[in-house]
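Throughout, a chain's letter reflects where its sequence line sits, starting with A, and its residues are numbered from 1.
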Number of protein chains: 2
Amino acid sequence: MATIRDVAKMAKVSISTVSVALKDGTQVTPETLKRITDAAEAVGYTPNPVAQSLKAGRSKLIGVVIGSMQNPWFGDLMAGIEETAQQHHHLVTLSETRMDLERERATIDVLCSQRVGGIILSPYVTTAEHVKFLAELKTPLVVIDQKLEGLQTDFVGIDNELAMAMLTSQLLRLGHRRIGHIAGTTGLWTSERRKQGFRETLAAGGVEPDETLIVDGQYDGQVAYDQAMRLLTRPDRPTAIIAANVLMALGALQAINDLNFKCPDDISLASIDTVPWASVIHPQLTVVVQPIAEIAHAATAFLMDRVNAPHEAIAPRERIFTPKFVAGSSSAPPPARA
Amino acid sequence: MATIRDVAKMAKVSISTVSVALKDGTQVTPETLKRITDAAEAVGYTPNPVAQSLKAGRSKLIGVVIGSMQNPWFGDLMAGIEETAQQHHHLVTLSETRMDLERERATIDVLCSQRVGGIILSPYVTTAEHVKFLAELKTPLVVIDQKLEGLQTDFVGIDNELAMAMLTSQLLRLGHRRIGHIAGTTGLWTSERRKQGFRETLAAGGVEPDETLIVDGQYDGQVAYDQAMRLLTRPDRPTAIIAANVLMALGALQAINDLNFKCPDDISLASIDTVPWASVIHPQLTVVVQPIAEIAHAATAFLMDRVNAPHEAIAPRERIFTPKFVAGSSSAPPPARA
DNA sequence: ATGAAAGCGCTAACAC
DNA sequence: GTGTTAGCGCTTTCAT
């Protein structure tokens, strides 16, 4: 590959002149600029990003750290991040932590030692120790999805209380009074916010929240299946279930079918998020969807701000998107009392 | 961050000794080795990969270039690649070409100029010019999924004829004689191989292939929906449909439902590939699945061979996996003649 | 066994 | 405006 030296030799200038000229053509005479650009063209010169990175102390790479690639929104997230990163001439690397504390830390360590320009993290560890670890990172960091309380950096996510309020009030309006909630992993920010939105909306609708109807599905389809089985075989079973994500909703739907209940005739179902192939699932799920592409763009834009201003201490920013309600046929009025 | 100089100073040796000692402890006396490792530990030394890359002329990064992140197997593919790459201390970057010729070329150019160690490509462009472009790459390359005829490099994929033969013979055995095939994008290797497997199996089963029952669904769910609509509204409609991928199968299923046909009572359906949580789709699809994780591992292993032996001309290798048949309830005997 | 020195390709002071 | 020079952190001859 052609180096800056080849260009300099051909244009009969020094390498620093080439470097300066190619940065912003304003510091050199038009004639030399032309000679240089022509020479660069002739030898097919592309600056070596590795050398640039060594000089700069960090590379034009942004690391995305995610809990699981099984998440249905993961493809859209990556596509959005890659699109924005590309506009800033950055490449995107991807790492999966499999929702493991050790792996999350180790992954971030690797990324930092690789001198990536910045990191977009969807955290699954919320311990104070981990927050401290993240706070001490020198590498620019933007957190998405799970907000980590006390961490001074940018966050992009959705209004989780609102998301659950949308679904809950819809079911209340249909006449449901006993509503079950298969919640996400206990302790995670999104899980707790969603539970809170659930409780508050019920209370505001005049229904006393029954804590035994709120179960932990660990954001996992199989666990949710088991939990739905338990909920639906109780004598005082709920007439509707809200799952905190779509994987759990599909698990619950499976349980409903396996128990020979009809959805929505016997049990209504609703969830947060959807899947790309949602249109062929019967019944169509009533859902609230996150604007994933916008979250990806916003997070990447935040990150690039930090990458491009490495010395300024940018105050933590927050971007909370409003999810969108999409009515489906999985929710209907509860069956008449037997 | 601590540099090799910090370690050298603390261990009271030269930087070259540190470098040699940390490479393989065999060239230095045990005492100095200990001093050096202790010092490295004390200052928290990690070699700067960027500097190593500059020296080596290429980085410990492998680029994955894929047509679309919507593909349901994309998450599993990435997870598999990342896992194997990690064992070789490589990071994985991801780029999407949106199935566009220009973008596929430009993306590969960027990756090469970034001096990635190697590239795993799932190509969507099969022109001779593109093959020539790929053949001239200096960067190690492994192709997956779509084989490019005439390209001298490693390939990993599945036996596409066999995949279609499995599905076709199953439907023949059930008694179907008019079977439609929603094929992938015309001209792509997988599409053509699958069509070929379809024709041959029909012929072997004593059924003359009707070319009008083979339609181009472009590997796209919406296009497949339209094509299924056309197939199913013909007076001589097929009694079964095989889709060349799952997105198209789901599109076809939607069409079947919208036309108020029952699957499998009126129309049987089968496809290649599946989606996570396929179990909540009714009816359960009869499918043939690719061993994506194994494909990912094999491709990455091939690539690492090339990365680790940059000067040897490794002869092109090929790994063809056998897909797995998974019977579902979407295929049944055809309805009795009216 | 250890060290000195060159250089990977580039950028940025600092001269002139 | 343009060139000289000194590194960024590392690996690798080549001496000693």
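Considering A/Leu148, A/Ile144, A/Val142, A/Ile320 as possible partners of A/Phe155, the one that fulfils the side chain to side chain contact (heavy atoms under 4.5 Å, CB included) test is A/Ile320.
Salt-bridge annotation for A/Asp305 and A/Arg317: present, with a side-chain N of the basic residue lying under 4.0 Å from a carboxylate O of the acidic one.
Take the nearest nucleotide of DNA chain C for A/Thr3 and for B/Lys12: the residue whose nucleotide is more 5' is B/Lys12.
Listed by chain and number, the residues in a salt bridge (charged side-chain N to carboxylate O under 4.0 Å, His left out) with A/Asp100 amount to none (sequence neighbours excluded). Residues satisfying the salt bridge (charged side-chain N to carboxylate O under 4.0 Å, His left out) test with A/Asp145, not counting sequence neighbours, are none. A/Ile15 is linked by a side-chain contact (heavy atoms from CB on, under 4.5 Å) to A/Ile4, A/Arg5, A/Ala8, counting only residues two or more places apart in sequence or in another chain. Under the rule for a salt bridge (charged side-chain N to carboxylate O under 4.0 Å, His left out), the partners of B/Glu318 that lie at least two apart in sequence or sit in another chain are B/Lys147. When the side-chain contact (heavy atoms from CB on, under 4.5 Å) test is applied to A/Glu82, the partners found at least two apart in sequence or on another chain are A/Gln86, A/Val92, B/Met69, B/Ser95, B/Glu96.
Between the OG atom in A/Ser122 and the CG atom in A/Leu77 there is a gap of 8.0 Å [rounded to 0.5 Å]. The CG atom of A/Leu91 sits 6.5 Å away from atom CG of B/Leu61, with the distance rounded to the nearest 0.5 Å.
A nucleotide of DNA chain D counts as in contact with chain A when one of its atoms lies under 4.0 Å from a heavy atom; the first and last such, 5' to 3', are D/dG1 to D/dG9. Where DNA chain C meets chain A (any atom under 4.0 Å from a heavy atom), the bounding nucleotides read 5' to 3' are C/dG9 to C/dA12.
B/Tyr219 and B/Thr190 form a side-chain donor-acceptor contact under 3.5 Å, judged by distance and modelled atom types alone. A donor atom on one side chain and an acceptor atom on the other are not found under 3.5 Å apart for B/Ser16 and B/Ser19.
Residue pairs meeting the salt bridge (Lys or Arg N to Asp or Glu O under 4.0 Å) criterion with at least one partner in residues 31-51 of chain B, sequence neighbours excluded, are B/Lys34-B/Asp38. Pairs of residues two or more places apart, or lying in two chains, that qualify as ring-ring contact (aromatic ring centres under 6.0 Å, His included) and include a residue from residues 65-90 of chain A are A/Phe74-B/Phe74.
Looking at heavy atoms from C-beta onward, B/Ile62 lies out of side-chain contact with B/Thr93 at the 4.5 angstrom threshold.
Scanning residues 15-22 of chain A for heavy-atom distances under 4.0 Å to DNA chain C yields A/Ile15, A/Ser16, A/Ser19. Contact check of residues 38-56 of chain B against DNA chain C (heavy atom, cut-off under 4.0 Å) returns B/Leu54, B/Lys55.
End-to-end axis angle of the helix from C/dA1-D/dT16 to C/dC16-D/dG1, from C1' rotation axes over five pairs per end: 40° (rounded to 10 degrees).
Within the cation-pi definition used here (under 6.0 Å to the ring centroid, within 45° of the axis), A/Arg105 qualifies as a partner of A/Phe133.
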